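Just so it is clear, the model here is predicted, and its values are computed rather than measured.
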Amino acid sequence: MEYEKLNTIILKRLKEHLPEHLSYHSVMHVKDVIDSVEKIAKSEKVNDEDLVLLKTAALFHDTGFLYGSKEHEAKSCEIAEEYLSEYGYSQEQTEKIKGMIMATKIPQTPYNHLEQILADADLDYLGRHDFFVIGDKLFEELSMFGIVNSERDWNLLQEKFLESHHYFTETAIKSRDQKKQENLNIIKTKLKNY
């Protein structure tokens, strides 16, 4: 599996062709998810082959945005399929990767350990100190799509999302749940003050 080669090619393609208005679903987000996947996978004692599959799934998970936001996960799977066999991935490995990509679709429904890891890595920021910095980028993007129209709408959406979200892996639960709750409490306070 030639992951490093793919990483260079796909990040370059995203850098050059992702719509500029995607302030959240950007190359930075993809790199962030790859980093998170590595940390969670190591802590979850994932073997080397599965780690490469996870990093590959993280690399491709939002490539569908090259063609728009609608059903982007399914499109990301198609794009992954176009590349993977050329770079030494078996059909079985490709299917695993596609399963992981689909596990990032909201609401998340991972069916196995690897899918749980990618799902948690994709939303790792919910339980981090940079939650509001990253959240602002998503707010900007969703405003542009007309999904939210005000900061209050955004905070209501975040409150609902954080209340319904849960991490799947022991690692993410241990390392992210508490901070996620703190972030939610800050949002609730903001909403009270409107």
Open item on the list: Take a 6.0 Å sphere around CD of Gln178 and say whether it holds more than 12 heavy atoms from other residues, nucleotides or ligands.
Closed with: no
Open item on the list: Any carboxylate oxygen within less than 4.0 angstrom of a Lys/Arg side-chain nitrogen, looking at Asp35 and Lys39?
Closed with: no
Open item on the list: Surrounding CD of Glu92 (heavy atoms of other residues, nucleotides or ligands, distance under 6.0 Å), is the total greater than 12?
Closed with: no
TODO: Go through the steps for Glu163 and Lys188 under the test salt bridge (Lys or Arg N to Asp or Glu O under 4.0 Å), then give the verdict.
DONE: CA-CA 11 Å; Glu163 283 178 338; Lys188 285 181 182 293; 2.4 Å; yes
Open item on the list: If you count heavy atoms of other groups shown closer than 6.0 angstrom to NE2 of His21, is the number above 12?
Closed with: yes
Task: Check: Tyr167 main-chain N/O paired with Asp120 side-chain donor or acceptor under 3.5 Å - done: no
TODO: Tell me yes or no: between the side chains of Asn155 and Tyr194, is some donor less than 3.5 Å from an acceptor?
DONE: yes
Open item on the list: Looking only at the side chains, is there a donor atom on one of His25 and Glu141 sitting less than 3.5 Å from an acceptor on the other?
Closed with: yes
- [ ] For residues Ile101 and Glu73, report the shortest heavy-atom separation together with the two atoms involved.
- [x] CG2-O, 3.6 Å
- [ ] Indicate yes or no for a side-chain donor-acceptor contact from Asn183 to the backbone of Leu126 under 3.5 Å, with no hydrogens or angles considered.
- [x] yes
TODO: Answer yes when Lys75 and Glu71 have at least one side-chain N-carboxylate O distance shorter than 4.0 Å, and no when they do not.
DONE: no
TODO: Treat each ILVMFWY residue as a node, draw an edge where side-chain heavy atoms are under 4.5 Å apart, and state whether Leu59 and Val27 are in one component.
DONE: yes
- [ ] Give a yes-or-no answer on whether the side chains of Lys137 and His29 include a donor-acceptor pair shorter than 3.5 Å.
- [x] no
- [ ] Test the Lys179-Phe131 pair against the cation-pi criterion, namely NZ or CZ under 6.0 angstrom from the six-membered ring centroid and within 45° of the ring axis.
- [x] no
TODO: Give a yes or no on this: more than 12 heavy atoms of other residues, nucleotides or ligands lie within 6.0 Å of atom CZ of Phe132.
DONE: yes
Open item on the list: Side chains of Asp177 and Gln181 only: does a donor on one sit below 3.5 Å from an acceptor on the other?
Closed with: no
- [ ] Check Thr56, Ile117, Val37, Leu118 against Met100 for a side-chain contact (heavy atoms from CB on, under 4.5 Å) and give me the one that passes.
- [x] Leu118
- [ ] Verify the ring-centre separation between His72 and Tyr67: is it less than 6.0 angstrom?
- [x] no
TODO: Can you see which heavy atom on Val33 is nearest to which on Ala58, and at what distance?
DONE: CG1-CB, 3.9 Å
- [ ] Verify the distance criterion only: is there a donor paired with an acceptor across the side chains of His113 and Asp50 at less than 3.5 Å?
- [x] no
Task: Cluster check Trp154, Leu191: I/L/V/M/F/W/Y, side chain < 4.5 angstrom - done: yes
- [ ] Please indicate whether Asp130 has more than 12 foreign heavy atoms, meaning atoms of other residues, nucleotides or ligands, lying under 6.0 Å from its CG.
- [x] yes
Task: Gln116 versus Glu44, side-chain donor and acceptor atoms under 3.5 Å - done: no
Open item on the list: Any carboxylate oxygen within less than 4.0 angstrom of a Lys/Arg side-chain nitrogen, looking at Glu159 and Lys190?
Closed with: no
